[in-house]
Number of protein chains: 2
Amino acid sequence: MIQGHAVRLFTERGYDATTVTEVAEAAGVSPMTVYRHFPTKEDLVLVDRRDRLVAERIAASPPDGPLVRRIGRALVEAAALLAGGGGDGGGDGGGDGGDGDPERDRDLLLARLRLMISTPALRARHLDSNVALQQAIVDALGAEAAGPEAAFRAHAAAGACLAALHTALVRWAEEDGRADLPELIAQALAAAFGDDAVAGADGADR
Amino acid sequence: MIQGHAVRLFTERGYDATTVTEVAEAAGVSPMTVYRHFPTKEDLVLVDRRDRLVAERIAASPPDGPLVRRIGRALVEAAALLAGGGGDGGGDGGGDGGDGDPERDRDLLLARLRLMISTPALRARHLDSNVALQQAIVDALGAEAAGPEAAFRAHAAAGACLAALHTALVRWAEEDGRADLPELIAQALAAAFGDDAVAGADGADR
DNA sequence: ACCCCAGTGGTAGCGACTACCACTTTGCGA
DNA sequence: TCGCAAAGTGGTAGTCGCTACCACTGGGGT
């Protein structure tokens, strides 16, 4: 609820031009309560609890085919799950488990995504959260135990896949969420790794 | 010079535990002078003027082959240039054009890289600077003018390549700069995109 | 001699964030 | 019913990053 007011104010007045105190006043609480729930101002926009979902999806995937295919497929599936299930999408930057109005949830997610893309501080933090997700993916792949070389390759593959995911998210936000997110992700993966690398992941044309 | 003291203090005491005032005192100037030269505390570690070099290298490359090969080759070449020329490496986070002791320059770069990797705030900023580099690459490719679809694919490819570059930089820092950076970059690209995608650049020039 | 100006320093202030402590409410067992 | 612990909320004071605004100094050109 605090988050809703925060995102609204940030969108209206700009992130830097809005103080935490103003957010607190809008939400009807004291500034301290805001800091209690959101350790930093940036967390008012960036909250993700999706990392585990993607990582679990990868750990559960059959260990066949190249790394990027496994990771890419997991990303597409996770996005499809989130987009279809709760109106929430994106492997990173997912919001609360909003069980409320799905339409409203998607608008909130879009607003947050736009802030994340346009505000340098938020964008930086968002990209950094991808590092944590990347580590989770590498862990889920069990690559760390297979030696430093395997871990290195897994990190490279996971990082590249997440970069493609980020590109898809940016594009999705630019189109106001009208496009199909899983398909966009598949297209980004195909653009980066070649069409064959993600074939079979989804009905991605091209 | 201020930067040298800053990196040393940050490494000794930790980034967050060191105030800008302490850096200023160590450098023998006032805090304001520090802010004059480095707009933010993070800039004391993150300085990059390399973006243009990579972008120019891409703009000058022949427009044949897939995007990732063109971008990957440019990254490897840029790293080879910087590593061999001035003891400076990395498409991002490059330092001043240190014309002094190359040994000293490399150590400074390594220290900065380690800080960038281990400190969340610095890591976030560093990753964000990659976004600017990504945009420069897309511009250099002239993809923006070729329509939104081409731009989208170029962004996905560039982002993925930069993620691989980042992985290589992390690995390079972990090995204390003993490994050959261009080769590491080529390996990371190969791990992400397949050996054939960078066949032209893989270990060719070293 | 003059002035110009780039570099430096000081002061005051804002905003993010963090201690440390006090108060109220809630739920639960005695 | 009482007492009590736990959780949530709020206040105060302070640090630190950072940004105004203004004053000072020193070297170079006229």
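Order of the sequence lines sets the chain letters (A, B, ...), proteins ahead of strands, with each chain counted from 1. The structure displayed is predicted, hence computed values, not measured ones.
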For B:Asp16, the side-chain hydrogen bond (donor to acceptor under 3.5 Å, both in side chains) test, sequence neighbours excluded, returns none

- Item | Check: A:His155 side chain, A:Ala151 main-chain N or O, donor-acceptor pair, under 3.5 Å | yes

Sorted by chain and number, sequence neighbours left out, salt bridge (Lys or Arg N to Asp or Glu O under 4.0 Å) with A:Arg8 holds for A:Glu12

By salt bridge (Lys or Arg N to Asp or Glu O under 4.0 Å), A:Arg13 pairs with (sequence neighbours left out) A:Glu22

To the nearest angstrom, the CZ-C1' distance between B:Arg125 and D:dC18 comes to 12 Å

Those residues at least two apart in sequence (or on a different chain) that pass side-chain contact (heavy atoms from CB on, under 4.5 Å) with A:Tyr35 are A:Val20

Pairs under 3.5 Å (Watson-Crick or G-U), crossing ones as [ ], inter-strand ones as |: DNA chain C comes out as ||||||||||||||||||||||||||||||

Those residues at least two apart in sequence (or on a different chain) that pass side-chain hydrogen bond (donor to acceptor under 3.5 Å, both in side chains) with B:Thr33 are B:Ser30

Separation of D:dT9 atom P from A:Ile2 atom CD1, nearest Å, is 7 Å

Atom CG of B:Asp43 and atom C1' of D:dT19 are separated, to the nearest Å, by 15 Å

**Asked** Should B:Gln3 and B:His37 count as side-chain neighbours, where that means a heavy-atom distance under 4.5 Å?
**Response** no

Contact check, residues 12-19 of chain A vs DNA chain D, heavy-atom distance under 4.0 Å, returns none

Salt bridge (Lys or Arg N to Asp or Glu O under 4.0 Å) pairs touching residues 26-40 of chain B, sequence neighbours excluded, are none

Taken in chain and number order and not counting sequence neighbours, the residues that satisfy side-chain hydrogen bond (donor to acceptor under 3.5 Å, both in side chains) with B:Thr40 are B:Asp43

May I ask you to verify if any side-chain N or O of A:His37 is less than 4.0 angstrom from the OP1 or OP2 atom of D:dT9?
yes

>> With a cut-off of less than 4.0 Å, is there a side-chain N or O of A:Thr33 near OP1 or OP2 of D:dT9?
In response: no

Quick one: which protein N/O atoms are closer than 3.5 Å to N/O atoms of nucleotides 17-20 of chain C? Pair and distance per line, please.
{"unit_1": "C:dC17", "atom_1": "OP2", "unit_2": "A:Lys41", "atom_2": "N", "d": "2.7"}

In short, salt bridge (Lys or Arg N to Asp or Glu O under 4.0 Å) pairs touching residues 125-152 of chain A with sequence neighbours left out are A:Glu42-A:Arg125, A:Asp128-B:Arg123, A:Glu149-B:Arg171

Applied to residues 161-170 of chain A, the salt bridge (Lys or Arg N to Asp or Glu O under 4.0 Å) test, sequence neighbours excluded, yields none

